[in-house]
Amino acid sequence: MNIAPATAIRIRRLLLLLPILVLIALVASWVWFGPKNAQAKLPDDVTLQTIDGQSYSLAPQKKTFRLVELIYTRCPDICPTTTVKMVQLQKRLLEANLMGQNVEFLTITIDPQNDTPDVMRYYAKQLGIQEQGWTLLRGDDETIKTVTNSLGFLANKMEDGFISHTTSTYLVDDNNTVIQKFGMGDDFDPEQIYQELLKLKKEG
């Protein structure tokens with residue numbers, strides 16, 4: 001049976017909108033049915049792995065603020081754009097002698113099956129990440145889910161392999177509590193975050 005051109009166009013448009021609709025539904029379910037008054041935080045009792053195969057505990061670190069981004073390396077736009085802007089921020093923090101002292105960056109993949117250590121190492125090299133104060137992390141699916149749930153970060157893998165996800169980065173204090181959320185991609189402002197970190201440093 002032939003489908004009329006107008007109907008076919010509507011079907012194609014619906015298929016294109018489907019990932020967005022799924023993400024909206026996930027966000028709505030979190031708002032309406034998620035834990036009320038839950039404080040977003042980095043889970044204290046989770047251990048991930050670095051791209052060098054070393055264990056990395058997410059336990060709180062005294063007098064250290066951590067900026068956390070959750071990405072996947074096959075992301076076509078918002079994830080690499082965020083990382084590139086974090087690289088710019090890293091350079092300024094290195095110049096201010098804060099990077100690796102009072103500030104650390106964490107990049108956690110939400111696609112550990114595809115983001116192998118070699119893939120993440122290549123991602124870091126291509127985007128200009130310097131090792132000082134910046135750790136790239138992986139974990140199994142369940143462990144990553146624990147992290148995303150604790151932060152209130154939503155991610156949904158589509159049939160084509162792409163992942164629709166929350167567009168937030170997280171500034172975490174030395175109690176692992178999220179004290180500020182920032183955007184990703186074009187909404188990630190390195191200058192704003194730099195000034196915020198300087199203010200937190202002065203406040204002690």
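By the side chain to side chain contact (heavy atoms under 4.5 Å, CB included) test, Ala96 pairs with Leu98, Tyr194, sequence neighbours left out. Contacts of Asp77 classified as salt bridge (charged side-chain N to carboxylate O under 4.0 Å, His left out), with partners at least two apart in sequence or in another chain: none. Asp118 meets the side chain to side chain donor-acceptor pair (under 3.5 Å) test with Arg121; sequence neighbours excluded. In terms of the side chain to side chain contact (heavy atoms under 4.5 Å, CB included) criterion, Asp174 has no residue partners (sequence neighbours excluded). Scored by the ring pair (Phe, Tyr, Trp, His ring centres under 6.0 Å) test, Phe153 finds His165 as partners (sequence neighbours excluded). For Glu196, the salt bridge (charged side-chain N to carboxylate O under 4.0 Å, His left out) test picks out Lys199, with sequence neighbours left out. Residues forming a side chain to side chain contact (heavy atoms under 4.5 Å, CB included) with Asp187 (at least two apart in sequence, or on another chain): none. Residues satisfying the salt bridge (charged side-chain N to carboxylate O under 4.0 Å, His left out) test with Asp141, not counting sequence neighbours, are none. With sequence neighbours left out, the ring pair (Phe, Tyr, Trp, His ring centres under 6.0 Å) criterion links Phe105 to Trp134. Checked against salt bridge (charged side-chain N to carboxylate O under 4.0 Å, His left out), Lys145 has no partners two or more places apart in sequence or in another chain.
Thr135 places none of its side-chain heavy atoms less than 4.5 Å from the side chain of Ile51. By the 4.5 Å heavy-atom criterion applied to side chains, Ile108 and Val147 are counted as neighbours. Between Pro76 and Phe162 there is a side-chain heavy-atom pair separated by less than 4.5 Å. With a 4.5 Å cut-off on side-chain heavy atoms, Cys79 and Thr73 do not count as touching. Using a 4.5 Å cut-off on side-chain heavy atoms (C-beta onward), Phe65 and Val172 make no contact.
The minimum heavy-atom distance linking Val119 with Asn114 is given by the pair CG2-O, 3.7 Å. Considering all non-hydrogen atoms of both residues, Cys75 and Pro80 come closest at O-CD, 3.5 Å. Gln90 approaches Gln132 most closely through the heavy-atom pair NE2-O, 3.2 Å. Closest approach of Pro190 and Gln88 over heavy atoms only: CG-OE1, 3.9 Å. Contact record, Lys41 with Thr177: CB-CA, 4.0 Å, taken as the closest heavy-atom pair. Across every non-hydrogen atom of Lys63 and Asn102, the tightest pair is O-ND2, 3.5 Å.
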Determine whether Thr169 and Glu69 satisfy the following criterion, side-chain hydrogen bond (donor to acceptor under 3.5 Å, both in side chains), listing intermediate values before the conclusion. CA-CA 5 Å; Thr169 54; Glu69 67 163 350; over 6 Å; no
Show, in sequence, the C-alpha distance, side-chain angles and deciding distance for Ser164 and Met158, and conclude whether the side-chain contact (heavy atoms from CB on, under 4.5 Å) test is met. CA-CA 7 Å; Ser164 57; Met158 313 305 294; 3.9 Å; yes
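Sorted by first and then second residue, the ring-ring contact (aromatic ring centres under 6.0 Å, His included) pairs with a member in residues 168-187 form an empty list; sequence neighbours excluded. Screening residues 108-131 for ring-ring contact (aromatic ring centres under 6.0 Å, His included) gives no qualifying pairs among residues at least two apart or on separate chains.
From Leu42, atom CG reaches atom CG of Leu58 across 4.5 Å, with rounding to the nearest 0.5 Å. Here the CG-CG distance, from Leu197 to Leu89, works out to 6.5 Å after rounding to the nearest 0.5 Å. With rounding to the nearest 0.5 angstrom, the CD atom of Gln113 is 9.5 Å from the CZ atom of Arg138. The CG atom of Leu93 lies 7.5 Å from the CG atom of Leu198; values are rounded to the nearest 0.5 Å. Note that CD of Gln180 is 12.0 Å distant from OG of Ser168, once rounded to the nearest 0.5 Å. Distance CG/Leu171 to CZ/Arg66: 11.0 Å, rounded to 0.5 Å.
A donor-acceptor contact shorter than 3.5 Å links the side chain of Thr166 to the backbone of Leu154. At distances below 3.5 Å, at least one donor-acceptor pair connects side-chain atoms of Thr50 with backbone N or O atoms of Asp52.
In summary, Lys157 and Asp111 engage in a salt bridge, as defined by a charged side-chain N under 4.0 Å from a carboxylate O.
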